[in-house]
Amino acid sequence: MSPLAHRAQAGLITVVGLVALMWAVFLLNALLGNTLVASLGIDPRRMDGLDGVVFAPLLHSGAEHLVSNSLPLLVLGFVAFLDGARRFAVALGVSWAASGVGTWLFGGGLTIGASGVVFGLFTYLITRGFYNRDWRQILLAVVLFAAYGSILWGVLPTVGSNISWQAHLFGALGGVLAAFLLKRRRSAPVGTDRRRSGRDL
């Protein structure tokens, strides 16, 4: 099996497992009468709501909410994993943490859902090519932007909506940060080793 095929297989297993975990938590929360949302969601600027930074992306308010996050998470997570498990883990982790911490600091109410992570993976994928100066990644970014670019409107404040634009905005910023942290280092040009014989004149 080629390295790319191996990464594709591992990536598919990983993102399907993550989404399956979200569905399992959704069913468990329903069986417990929605108590997980109240106890493990992000409650802004309250110390007892800080654990939501870790758990909130696993929680969703309903099946429609979860479905709307599941498909882009599968697609974007799979594409991100093709560049390697470590890079995927960093992109996911930074997006997850940035969305959660930003929401805890600036959010307007109890917040749950993986949309901040989705935004983070999206901005990671559309910016990494520019940091890496990789035309293939830039071309992929154009394709992804054409397919999902409209979601970026979600980073703007909305009046009278229960959608957390803070989670979207800080998740997106986390994705850009992850792309910067993971940019490929270019090796310095190797100079010619000139060995001189005799005396310098």
Side-chain angles (χ1 to χ4, degrees), residues 14-15 17-30 32 34-81 85-128 148 151-158 161-182:
T14 300
V15 295
L18 178 59
V19 172
L21 175 61
M22 291 178 177
W23 278 94
V25 171
F26 173 72
L27 294 175
L28 177 62
N29 181 59
L32 295 176
N34 213 38
T35 57
L36 294 182
V37 168
S39 60
L40 297 177
I42 299 174
D43 199 352
R45 296 169 297 281
R46 291 178 56 92
M47 291 306 298
D48 58 354
L50 191 56
D51 55 358
V53 172
V54 176
F55 298 109
L58 300 174
L59 297 164
H60 292 80
S61 59
E64 184 178 356
H65 184 202
L66 181 51
V67 169
S68 69
N69 283 331
S70 293
L71 182 58
L73 188 59
L74 286 169
V75 173
L76 299 174
F78 175 75
V79 174
F81 202 101
R86 185 185 69 85
R87 289 177 176 274
F88 168 77
V90 172
L92 181 72
V94 173
S95 300
W96 194 301
S99 176
V101 172
T103 302
W104 187 80
L105 290 172
F106 301 104
L110 188 67
T111 303
I112 56 173
S115 56
V117 178
V118 170
F119 273 72
L121 290 175
F122 177 65
T123 55
Y124 165 71
L125 290 170
I126 65 174
T127 57
R128 64 176 180 169
Y148 292 105
I151 70 171
L152 290 178
W153 290 109
V155 303
L156 299 176
T158 51
S161 172
N162 62 352
I163 296 174
S164 176
W165 61 270
Q166 295 94 335
H168 297 171
L169 174 61
F170 286 100
L173 292 175
V176 175
L177 175 61
F180 173 75
L181 295 175
L182 293 170

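Heads up: numbering here begins at 1 and tracks the sequence. Keep in mind it's a predicted model, so treat the numbers as computed, not measured.
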Restricting to non-hydrogen atoms, name the atom on G174 and the atom on A98 that form the minimum distance, rounded to 0.1 Å. CA-CB, 3.6 Å
By ring-ring contact (aromatic ring centres under 6.0 Å, His included) - contacts of F170 (at least two apart): F106
So do I112 and I42 actually touch side chain to side chain, heavy atoms under 4.5 Å? no
In terms of heavy-atom contacts, P44 and G108 come closest through CG-N, 4.2 Å
Tell me, please, which residues at least two apart from R46 pass salt bridge (charged side-chain N to carboxylate O under 4.0 Å, His left out). D43, D48
So does I163 have more than 12 non-hydrogen atoms from other groups sitting under 6.0 Å from CD1? no
Quick check: does any side chain N or O of R128 sit under 3.5 Å from a backbone N or O of L182, one acting as donor and the other as acceptor? no
V19 side chain near V15 side chain, heavy-atom distance below 4.5 Å: no
Can you give me the closest heavy-atom contact between L59 and V25, atom names plus distance? CD2-CG1, 3.5 Å
Tell me every residue that passes side-chain contact (heavy atoms from CB on, under 4.5 Å) with S164, counting only those two or more places apart in sequence or in another chain. T103, T111, Q166, A167
Can you name the residues that form a ring-ring contact (aromatic ring centres under 6.0 Å, His included) with Y124, not counting sequence neighbours? none
List for me each residue that meets side-chain contact (heavy atoms from CB on, under 4.5 Å) alongside L105, sequence neighbours excluded, and say none if there are none. V101
Given the rule in the side chain to side chain contact (heavy atoms under 4.5 Å, CB included) test, do L50 and W104 qualify, once you have shown the distances and angles that lead to the verdict? CA-CA 7 Å; L50 191 56; W104 187 80; 3.6 Å; yes
If every non-hydrogen atom of A172 is compared with every non-hydrogen atom of T123, which pair is closest and at what distance? O-OG1, 2.7 Å
Shortest non-hydrogen contact from F88 toward A80: CD1-CB, 4.0 Å
With side-chain contact (heavy atoms from CB on, under 4.5 Å) as the test, pick out the partner of F81 among L76, L121, L92, T14. T14
Taking only residues two or more places apart in sequence, or in another chain, which ones meet F55 in a side-chain contact (heavy atoms from CB on, under 4.5 Å)? L40, D51
Under the side-chain hydrogen bond (donor to acceptor under 3.5 Å, both in side chains) test, which residues partner S61, sequence neighbours left out? H65
Give the minimum heavy-atom separation between W96 and V54, together with the two atoms involved. NE1-O, 3.1 Å
Got F119 and S99 here, is their nearest side-chain heavy-atom distance under 4.5 Å? no
Who pairs with S115 by side-chain hydrogen bond (donor to acceptor under 3.5 Å, both in side chains), at least two apart in sequence or on another chain? H168
State which residues pass side-chain contact (heavy atoms from CB on, under 4.5 Å) with L66; sequence neighbours excluded, sorted by chain then number. M22, W23, F26, H60, S70
